[in-house]
Amino acid sequence: MNRPHHLGDLQYAIMRVLWDEGEASVARVWEALPGRPRRALTTIATMLSKMEKKGVVAHRAEGRQFVYRPRVSEAEVHRTMVADLTERLFQGDVTALVSHLLTEQEIDRKEIARLQELIEEHRRKERGHAR
């Protein structure tokens, strides 16, 4: 699926539960959601129904309850949400996004080292494709 996946905070939290558990009933999703105060169980059921219409989750019936599972991967959602953020806030300029993160966030030496490793890994892949 290459469609963009625009998820609100609650939808993303629900997806986190489904990615972690593989599949879950409405009640299980409700139990696993972080934060207080809790939203109503019916709110979670309604949200899952809306998410199914969007194509990001699917359900199967188990007795009288629905058990939901993700239809999109966490990586797909991250990819489309970050691409949307980059486009909306930085006019598609990835360098501006990274520059913002480096200057506006506290990043420790380990994180900087890891970022340098990722950049070098990316460069190696690019050189391999250039051949």
Side-chain angles (χ1 to χ4, degrees):
M1 255 185 229
N2 286 336
R3 289 188 4 238
H5 306 293
H6 304 282
L7 302 178
D9 292 344
L10 178 57
Q11 292 174 330
Y12 186 77
I14 289 169
M15 290 302 293
R16 293 256 2 120
V17 172
L18 295 176
W19 289 321
D20 289 347
E21 304 218 357
E23 64 177 18
S25 67
V26 174
R28 178 63 194 128
V29 170
W30 180 80
E31 287 172 359
L33 283 174
R36 299 282 185 264
R38 285 193 181 275
R39 297 183 185 268
L41 196 61
T42 55
T43 301
I44 304 308
T46 299
M47 190 58 66
L48 280 161
S49 177
K50 288 179 180 182
M51 292 167 70
E52 187 166 28
K53 287 180 180 131
K54 282 178 131 178
V56 296
V57 301
H59 82 272
R60 65 179 172 79
E62 190 173 279
R64 293 180 51 168
Q65 68 179 350
F66 286 170
V67 176
Y68 289 88
R69 71 181 183 287
R71 290 192 63 213
V72 294
S73 71
E74 188 172 6
E76 287 176 273
V77 171
H78 285 177
R79 186 173 20 264
T80 59
M81 289 180 75
V82 169
D84 181 57
L85 173 82
T86 304
E87 188 58 41
R88 284 187 300 123
L89 296 182
F90 301 99
Q91 293 75 46
D93 186 346
V94 174
T95 303
L97 169 65
V98 173
S99 175
H100 173 79
L101 292 172
L102 289 171
T103 58
E104 298 296 324
Q105 303 293 313
E106 285 190 32
I107 300 175
D108 67 28
R109 289 177 188 212
K110 285 183 181 178
E111 289 172 317
I112 290 172
R114 179 64 182 132
L115 289 170
Q116 288 172 326
E117 288 173 18
L118 289 169
I119 290 168
E120 190 52 42
E121 191 176 302
H122 184 76
R123 283 184 178 146
R124 282 192 298 273
K125 285 180 185 175
E126 288 297 311
R127 283 191 292 254
H129 291 308
R131 291 179 184 172

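It should be emphasised that the depicted structure is a prediction, and the values quoted were computed from it without experimental measurement.
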Original post:
Just wondering, do Val56 and Arg71 contact through their side chains at under 4.5 Å, heavy atoms?
Top reply: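 Not in contact.
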**OP:** Report the residues that fulfil side-chain contact (heavy atoms from CB on, under 4.5 Å) with Thr86, sequence neighbours left out, ordered by chain and then residue number.
**Re:** Val82, Val94, Leu97
Subject >> Those residues that, when tested against Ala96, pass side-chain contact (heavy atoms from CB on, under 4.5 Å) (two or more places apart) >> reply: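 Partners of Ala96 by the side-chain contact (heavy atoms from CB on, under 4.5 Å) criterion, ordered by chain and then number, come out as Phe90, Asp93.
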Original post:
Would you find more than 12 non-hydrogen atoms of other residues, nucleotides or ligands less than 6.0 Å from Arg123 atom CZ?
Top reply: no
Residue pair [X] / [Y]: nearest heavy atoms and the distance that separates them:
X	Y	answer
Ser25	Gln65	CB-OE1, 3.5 Å
Ile107	Leu101	CD1-O, 3.6 Å
Pro70	Gly22	CD-O, 3.2 Å
Val29	Leu48	CG2-CD1, 4.4 Å

Original post:
Taking NZ, NE, NH1 and NH2 as the nitrogens, is one of them in Arg127 or Glu120 under 4.0 Å from a carboxylate oxygen of the other?
Top reply: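 Yes.
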Subject >> Cation-pi, Trp30 ring and Arg39 (6.0 angstrom, 45 degrees) >> reply: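 No, Arg39 does not lie over the aromatic ring of Trp30.
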Original post:
Taking the side chain from Arg28 and the backbone from Glu21, do they hold a donor-acceptor pair closer than 3.5 Å?
Top reply: no
Original post:
Between Thr80 and Glu76, is there a donor-acceptor pair closer than 3.5 Å when you use the side chain of the first and the backbone of the second?
Top reply: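 At least one qualifying donor-acceptor pair exists.
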In one Ile/Leu/Val/Met/Phe/Trp/Tyr side-chain cluster, 4.5 Å: [X], [Y]:
X	Y	answer
Ile119	Ile112	no
Leu85	Val77	no
Val67	Val72	no

Euclidean distance, [Y] [atom2] relative to [X] [atom1], rounded to 0.5 Å:
X	Y	atom1	atom2	answer
Met47	Leu7	CE	CG	10.0 Å
Glu23	Arg60	CD	CZ	4.0 Å
Leu18	Arg16	CG	CZ	10.5 Å
Glu111	Glu106	CD	CD	9.5 Å

Residues 8-15, side-chain donor-acceptor partners within the protein, below 3.5 Å, at least two apart:
unit_1 : atom_1 : unit_2 : atom_2 : d
Gln11  : OE1    : Gly8   : N      : 2.9
Gln11  : OE1    : Lys54  : NZ     : 3.2
Tyr12  : OH     : His78  : NE2    : 2.7

Original post:
Do Ser49 and Glu52 have a side chain donor and acceptor closer than 3.5 Å?
Top reply: no
